[in-house]
2 protein chains.
Amino acid sequence: MKKEITIYDLAEKLNISATTVSRGLQNHPAINKNTKKKIFDLAKELGYQSNKFASNLRKQKTHTIGVIVPRLNSLFMSSVLSGIEKVVNNAGYNLIISQSFEQEEKEKKNALTMFNNRVDALIVSLSYDSSDFSHFNNFINKEIPIIFFDRVTDSLPATKVVIDNFKAGYDATMHLIEQNCKSIMHITGNLTRNVYKDRYEGYRKALADRNIPFSEDLFITNDLSEQEIYNAVTHNILKRKQLPDGLFATNDSAAAYALMLFKEAGLRVPEDIAIVGFNNDFISKVTEPAITTINYPGNEMGENVARILINHLDGEGDLSVTSTVILNSELIVRGSSLKK
Amino acid sequence: MKKEITIYDLAEKLNISATTVSRGLQNHPAINKNTKKKIFDLAKELGYQSNKFASNLRKQKTHTIGVIVPRLNSLFMSSVLSGIEKVVNNAGYNLIISQSFEQEEKEKKNALTMFNNRVDALIVSLSYDSSDFSHFNNFINKEIPIIFFDRVTDSLPATKVVIDNFKAGYDATMHLIEQNCKSIMHITGNLTRNVYKDRYEGYRKALADRNIPFSEDLFITNDLSEQEIYNAVTHNILKRKQLPDGLFATNDSAAAYALMLFKEAGLRVPEDIAIVGFNNDFISKVTEPAITTINYPGNEMGENVARILINHLDGEGDLSVTSTVILNSELIVRGSSLKK
DNA sequence: AATATTATTGCAATCGGTTGCAGTAATTTT
DNA sequence: AAAATTACTGCAACCGATTGCAATAATATT
């Protein structure tokens, strides 16, 4: 292990104090231009790297932002992260990213890790079934800002960035109705999660607006895993005497998988059953037919989240003011729903 | 901002020294059992949290491992990460994950960030076009272990965990040959990257073994973006007088997209053109027909990487000994290639 | 030329744990 | 009962950067 170069080494070599070196490196206005130059030059020459631990310890600030998301493996999530990272990096902050794998237990663990790592702020999209939020109390007590996106909760006093899931659900359903669907199923996740609840309510509202009675029978919630989608389609939908003629699935993977299973069972899409998904993941483009879906502005969402947070941290904005930001989403019509 | 509780607070309340508190919390054998109990109880009661910065500063060890991957949005990558995280967490280490977005420039930045954050070790899968590896010199000079997986390089003295891409490429191609394909295209990435190079060589070997001449004309490399795949298929493949009857694509997204474009152009898969992908991503299951692919043991790869690393860090293994670990992969035959 | 102002720099304490070494008390050995 | 071990505990230095305050040098003002 080679020895580290510290500001003391620089100071000694330049015959000045460590104080001056420290200030010089931070571009402190009181330090002479020439001195600064000498410091920077030597620092570069020796490959000096500031020791963050010493700095953080002293400053009681880490310049690190924690992110907890359910999973990383979707186009949507990686777009969000990409947006967050861009903004946050430009502002000179670091990111620690972790996944809850959709489990409350893991989310709690991650939150604790973040807390121990003294993140300056936390960005969260909740796991599938988190219902107890006590793991965020640490942060709230210490007044460390938390900002939620997409999967949010109203139980905590925190800023939220979301799309209008109600409207998206409404649009998706209305589109199916306009394609002449009479019996529209909806497969979605746990209704305690805002995104699913809101989409569901949009679905109900669209039905109601067109006087189509809602039927419990056409509504399925599960954990959206491959297995559960399989079960829902083969053991439930395909076993019916009266098959539905429309399906609104709450994500594109589910829609794509259902589409495949329908075709395997000999159904025609969209003639026999029209399908709308959600997210505009790449997968929705390569099925046959391609899947009508809701485009979700991941990048924009990420950038918004990060920008609000940075403004707050830099003292230029106030999180408590902007309490909910709603972004636009849009229906993208493709073959899976176009009965023409 | 509430004040932090430190070992000094605990020490004062218990009328013992901070030294004893520190040792007690670390379960140091020299500390009396009762004293330890008192310390732990009070720590718990007051919600004490160790300050990592102070600790890291003193110990010169962070218990943090950095991970740099090209992208997070594939099933393969998230499986790998999941595997890494599991092992690493159990060993009491933290993870910092970052994406290079397939760009050398970003990879360099990420590496520097990791270095400044004083990670104890680095796990890397190279970006698409990294060819200069000087950003890893910092680590090598300081003897911070680096371990590569999947996208690796022979230019650096580091342990690597990979699959046998040569064999996988060979198997994929041989499978197409056995389906009676005579004119097999191969679309892949930059040949400076080991994974693509090895698959390509497997492809060539399979052709050679069956006396099929290799034709430059049937071989395309590009950056594997949606746009480039589109270009390759529509402006190149579909413009030919003599269409190929087999396609071996280096990932499932490309295979799925090509499949869709072929069908749009009126070709039948697999009758007119048989397709084999790579990775066994979810997308390969939902196309029509489903795509024959190579199953890549992501989880296993992640666990292996992490385990080797942890053993090394804990002083029980030596990275320089195990220099390359090769995992098994397997061909999964589906409809896209089965001419029967 | 004496005084005030501004520009630079450095001293020393501080952030919160960790650890080598020494010290004291308790227990064992001879 | 004296000597040797063993069991605990604490002192004080240290990790490397930051910062309030004081000090000195340089320049401006009257």
Side-chain angles (χ1 to χ4, degrees), chain A residues 1-40 42-43 46-64 92 94 115-120 142, chain B residues 1-40 42-43 46-64 92 94 115-120 142:
Chain A
M1 179 86 111
K2 250 174 62 180
K3 67 180 185 319
E4 300 278 349
I5 289 164
T6 70
I7 51 171
Y8 300 101
D9 298 326
L10 299 183
E12 196 184 353
K13 283 228 165 54
L14 292 171
N15 262 315
I16 56 181
S17 76
T19 303
T20 302
V21 174
S22 174
R23 291 205 175 100
L25 291 170
Q26 296 172 78
N27 235 318
H28 189 110
I31 304 297
N32 185 287
K33 258 209 269 180
N34 298 323
T35 314
K36 275 185 196 167
K37 178 147 178 20
K38 271 191 264 174
I39 295 171
F40 277 118
L42 184 65
L46 300 185
Y48 166 81
Q49 295 294 345
S50 159
N51 184 315
K52 296 234 162 137
F53 302 117
S55 171
N56 290 341
L57 173 59
R58 179 60 225 242
K59 293 202 291 195
Q60 303 284 32
K61 211 177 179 253
T62 63
H63 268 261
T64 296
N94 286 138
F115 186 72
N116 287 341
N117 275 305
R118 304 287 203 281
V119 294
D120 286 346
K142 261 186 66 184
Chain B
M1 180 87 108
K2 252 173 57 179
K3 67 180 185 320
E4 301 277 348
I5 290 165
T6 69
I7 51 171
Y8 299 100
D9 298 326
L10 300 183
E12 196 182 354
K13 283 227 166 54
L14 293 171
N15 263 315
I16 54 179
S17 75
T19 302
T20 302
V21 174
S22 173
R23 291 205 176 102
L25 291 169
Q26 295 172 79
N27 236 315
H28 189 111
I31 304 297
N32 185 285
K33 259 210 265 178
N34 298 322
T35 314
K36 275 184 196 168
K37 178 149 180 16
K38 273 192 263 174
I39 295 171
F40 277 118
L42 185 64
L46 300 184
Y48 165 83
Q49 295 292 347
S50 159
N51 184 316
K52 297 233 163 142
F53 302 117
S55 170
N56 289 341
L57 173 59
R58 180 60 225 241
K59 293 202 291 194
Q60 304 283 31
K61 205 174 184 257
T62 62
H63 268 261
T64 297
N94 286 137
F115 186 72
N116 287 342
N117 276 304
R118 305 288 202 281
V119 294
D120 287 345
K142 262 186 66 184

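In this text, all values refer to a predicted model and were calculated from it rather than measured experimentally. Throughout, protein chains are lettered first and strands after them, A, B, ... in sequence-line order, and every chain is numbered starting at 1.
Base engagement by A:Thr19 is indicated by at least one non-hydrogen atom pair under 4.0 Å involving a base atom. Using a 4.0 Å heavy-atom cutoff across all strands shown, A:Phe53 reaches no nucleic acid atom at all. Note on A:Thr6: only backbone sugar-phosphate atoms sit closer than 4.0 angstrom, heavy atoms only; bases stay farther off.
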What pairs of donor and acceptor atoms, side-chain ones from residues 26-33 of chain B against any protein atom, are under 3.5 angstrom apart with sequence neighbours left out?
| residue | atom | partner | partner atom | Å |
| --- | --- | --- | --- | --- |
| B:Gln26 | NE2 | B:Ser22 | O | 3.1 |
| B:Gln26 | NE2 | B:Ser22 | OG | 3.2 |
| B:Asn27 | OD1 | B:Lys36 | NZ | 3.2 |
| B:Asn32 | OD1 | B:Asn34 | N | 2.7 |

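Atom pair B:Arg58:CZ and D:dA17:P shows a separation of 16 Å (rounding to whole Å applied). Residue A:Ile7 contributes atom CD1, which lies 11 Å from atom C1' of D:dT19 at whole-angstrom precision. Rounded to an integer number of Å, the gap from A:Ile39 CD1 to D:dA17 P is 13 Å. For the pair A:Leu57 CG and D:dC15 C1', the computed distance is 9 Å after rounding to whole Å. One interatomic measurement links the two molecules: CD of A:Glu12 to P of D:dG16, which rounds to 14 Å at whole-angstrom precision.
Comparing the helix axis at one end of the helix from C:dA1-D:dT30 to C:dT30-D:dA1 with that at the other, each defined from 5 consecutive pairs, gives an inter-axis angle of 40° (nearest 10°).
A heavy-atom distance below 4.5 Å is not found between the side chains of A:Asn94 and A:His63. Here the side chains of B:Lys13 and B:Leu42 are in contact, with some heavy-atom distance below 4.5 Å. When side chains are defined from C-beta on, A:Thr20 does not count as touching A:Leu14, because their heavy atoms never get closer than 4.5 Å.
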Inset, instruction - Take A:Ile7 and A:Asn51, measure what side chain to side chain contact (heavy atoms under 4.5 Å, CB included) needs, and give me the verdict at the end. - result: CA-CA 9 Å; A:Ile7 51 171; A:Asn51 184 315; over 6 Å; no
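Of the inter-residue distances, the one linking A:Leu25 atom CG with A:Ser55 atom OG reads 11.0 Å to the nearest 0.5 angstrom. Atom NZ of B:Lys38 is separated from atom CG of B:Leu10 by 13.0 Å, given to the nearest 0.5 angstrom. One finds the CG atom of A:Asn117 at 11.0 Å from the CD atom of B:Gln49 (value rounded to the nearest 0.5 Å).
Comparing atom distances between the B:Arg23 side chain and each of D:dT18, D:dG16, D:dG10 picks out D:dG10 as nearest.
Residues of residues 25-35 of chain B that place a heavy atom closer than 4.0 Å to DNA chain D, in numerical order, are B:Ala30, B:Ile31, B:Asn32, B:Thr35.
The phosphate of D:dT9 has neither OP1 nor OP2 within less than 4.0 Å of any side-chain N or O from B:Ser17.
Not counting sequence neighbours, the partners of A:Thr62 by the side-chain contact (heavy atoms from CB on, under 4.5 Å) test are A:Asn56, A:Thr64, A:Arg118, A:Asp120, B:Phe53. In this view, A:Ser50 and A:Tyr48 satisfy the side-chain contact (heavy atoms from CB on, under 4.5 Å) rule, not counting sequence neighbours.
Of all nucleotides in DNA chain C, those with any atom nearer than 4.0 Å to a heavy atom of chain A start and finish, going 5' to 3', at C:dT8 to C:dG16.
In the displayed structure, B:Lys61 atom NZ is contacted under 6.0 Å by more than 12 heavy atoms of other residues, nucleotides or ligands.
Mapped onto DNA chain D by nearest heavy atom, B:Ala18 and B:Lys59 fall at different nucleotides, with B:Ala18 at the one closer to the 5' end.
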